[in-house]
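See below for the structure under consideration.
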Number of protein chains: 2
Amino acid sequence: MASQRSPSRVAAPDFERPLVTVDVVIFTVLDEQLKVLLVRRPEAATDPFPGRLALPGGFVNVDLDASLADCALRKLGEKTGFSAPYLEQLGSWGSATRDPRGWCTTHVYFALVPPPADSEEMASAASEWIEVNAALRKRLAFDHAEILAAAVERLRGKVEYTSLPAFLLEEPFTLPQLQRTYEIVLGRPMDKSAFRKRMLDAQFLLEAGSIAGDAGRAAMGYRILDRERAAVFPRTFRSVESPASKE
Amino acid sequence: MASQRSPSRVAAPDFERPLVTVDVVIFTVLDEQLKVLLVRRPEAATDPFPGRLALPGGFVNVDLDASLADCALRKLGEKTGFSAPYLEQLGSWGSATRDPRGWCTTHVYFALVPPPADSEEMASAASEWIEVNAALRKRLAFDHAEILAAAVERLRGKVEYTSLPAFLLEEPFTLPQLQRTYEIVLGRPMDKSAFRKRMLDAQFLLEAGSIAGDAGRAAMGYRILDRERAAVFPRTFRSVESPASKE
DNA sequence: CGAATAGTGTCTGTGAGACAGTATCGC
DNA sequence: GCGATACTGTCTCACAGACACTATTCG
């Protein structure tokens, strides 16, 4: 069909084509830590970066994938069982040198998923959940360290003014759980009262019945109203970084 | 593995490769309007979308371009003479159907440039500056209407909390000029006092001597401290959209 | 002098954060 | 009752916007 020399009415140019891949940065919160899913590359020496940890991803399959987002969803489904996670495009990287196999581009997506029910199940498939700061210190395949850093920065940045952490929780969840998730991602404690005011004012939560914890008063459970997009808050958390030195 | 082009140790897989292109959305403010640069595609029937308006762009040249950003800068240089504009990646689009020539991806960058000294000069090269709302109503080639819409949304969104509009002006510029630029991009008037406070507090401007206008008091000229990145304000402009109906 | 534009001072409402108080649960 | 957790009320301070004021330039 769209082969390089197809004699259709509109001809594709005879340029050499770069490789086209898709990678997915998959975040979750597990054991009170922000973690990212990494896979170990095959040991075969014919493979680039054998044995290294890398972001899950691979080549776009022109026959299987209708679009880039489709391809990302396929990769995500292959690695995790998740069907309706939060998926957003992070950006693309491409250069002559980032892949020893040739001029290579990657379209990077970033996904937020609730913690896997059985975290061991995945380790078997040569993939592991790794705490992000530890992951950032590792030597990853390709330029994946740079990509991961960009993803973490984007996540932390957007968490300051969006409802993104809600996608890291299994529904229904409670506001204290959600606050804990914010605190884990941002690495700083937050005020309960201000937090609740902000979440409830943003109109993105749906009440879903009371949930009893291990101890103390039961809490209201919530679901996300629109799983397609995150809510955007009118202001960022903590606009001033610290009671600054005013000379 | 059998690879026809790569005799190296690591072989490239034999997948069919999508087409890889780069497009650039170039914004400027001209005649008190936000405009975007569009090019008219050749009339030849062997070309997709002959005669249609499109974003400037084209295929990645594996021999000329070291990276995607390089390619974007090359396209930008070919269309405008600008050397140091603001350039940021917008995202990537790719699917089996967006280009009649086959499975095609595009990496889209968005650039902010000062108004061209001679706006006629460019029209000669089959490219024109078109007011964005008019451009959004036109039937553009490929999925460029969708891409342009995303670019305008990103621009307007970021203008609310960043110094991006400063890159739309020739240096040095004055604060009233900068305010006017904000107002043009956002389509709404802003308060002078609040605007100045915000700009000066953000510490991204460098004083560059007084500039006399056509009438009235001369104004202080400014340059951008760091042309590589935009300043981010701690708060967004007008966090509340309107004195809302409180039930 | 007045017109035009640049730049500053002052007031006020809003709202986020701090923190203390109240409510509800299991035992 | 008590401990533990969920939730709410109140106070305060910062700051963005509104708007009126002063400053500088030109003719």
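Note: hydrogens, waters and symmetry copies are ignored here, and every other heavy atom, side chains too, is used.
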TODO: Starting from C1' on C:dT24, measure out to CG on A:L175 and report it in whole angstrom.
DONE: 16 Å
TODO: Round to a whole Å and report the spacing from CG of A:L178 to P of D:dC7.
DONE: 12 Å
Task: d(CG, B:L200; C1', C:dA6) in whole Å - done: 12 Å
Task: Rounded distance in Å - CD (A:Q179) to C1' (D:dT8) - done: 14 Å
Open item on the list: Within residues 207-217 of chain B, which residues have any heavy atom lying less than 4.0 Å from an atom of DNA chain C?
Closed with: B:A215, B:G216, B:R217
Open item on the list: Is there a side-chain contact between A:L175 and A:Y222 in this structure, where contact means two heavy atoms from C-beta onward sitting under 4.5 Å apart?
Closed with: yes
TODO: May I have the distance from B:F195 (atom CZ) to C:dA6 (atom P), rounded to whole angstrom?
DONE: 12 Å
Task: side chain to side chain contact (heavy atoms under 4.5 Å, CB included) partners of A:R227, counting only residues at least two apart - done: A:F167, A:E171, A:I224
Atom pairs, protein N/O to nucleotides 18-21 of chain D N/O, distance under 3.5 Å:
none

- [ ] Mind calculating the distance between CZ (B:R180) and P (C:dT5) to the nearest angstrom?
- [x] 12 Å
TODO: Quick one: which residue pairs count as a ring-ring contact (aromatic ring centres under 6.0 Å, His included) with a foot in residues 138-158 of chain B, not counting sequence neighbours?
DONE: B:F49-B:F142, B:F142-B:H144
Task: Contacts of type side chain to side chain donor-acceptor pair (under 3.5 Å), residue A:Y109, not counting sequence neighbours - done: A:Q89
Task: B:R98 versus B:T105, closest heavy-atom pair with distance - done: NH1-C, 4.0 Å
TODO: For residues 201-212 of chain B, pull every pair meeting salt bridge (Lys or Arg N to Asp or Glu O under 4.0 Å), keeping only residues two or more places apart or in separate chains.
DONE: none
- [ ] Round to the nearest Å and state the distance from B:M199 atom CE to D:dG17 atom P.
- [x] 10 Å
Task: Five-pair end axes of the helix from C:dC1-D:dG27 to C:dC27-D:dG1 and the angle they enclose, rounded to 10° - done: 10°
Open item on the list: Can you list everything that forms a salt bridge (charged side-chain N to carboxylate O under 4.0 Å, His left out) with A:E78? Sequence neighbours excluded, please.
Closed with: A:R74
Task: Phosphate contact (C:dT8 OP1 or OP2) by B:R196 side-chain N/O below 4.0 Å - done: yes
TODO: Let me know, please, whether B:Q177 or A:A218 comes out on the 5' side of the other along DNA chain C by nearest nucleotide.
DONE: B:Q177
Open item on the list: Distance check needed: D:dA16 C1' versus B:D201 CG, whole Å only.
Closed with: 11 Å
Task: Qualifying residues under side chain to side chain donor-acceptor pair (under 3.5 Å), relative to A:K158, sequence neighbours excluded - done: A:E88
TODO: Could you list the residues that satisfy side chain to side chain donor-acceptor pair (under 3.5 Å) with B:R52, not counting sequence neighbours?
DONE: none
TODO: Could you tell me which residues satisfy salt bridge (charged side-chain N to carboxylate O under 4.0 Å, His left out) with A:R196, sequence neighbours excluded, listed by chain and number?
DONE: none
- [ ] List for me each residue that meets side chain to side chain donor-acceptor pair (under 3.5 Å) alongside B:E153, sequence neighbours excluded, and say none if there are none.
- [x] none
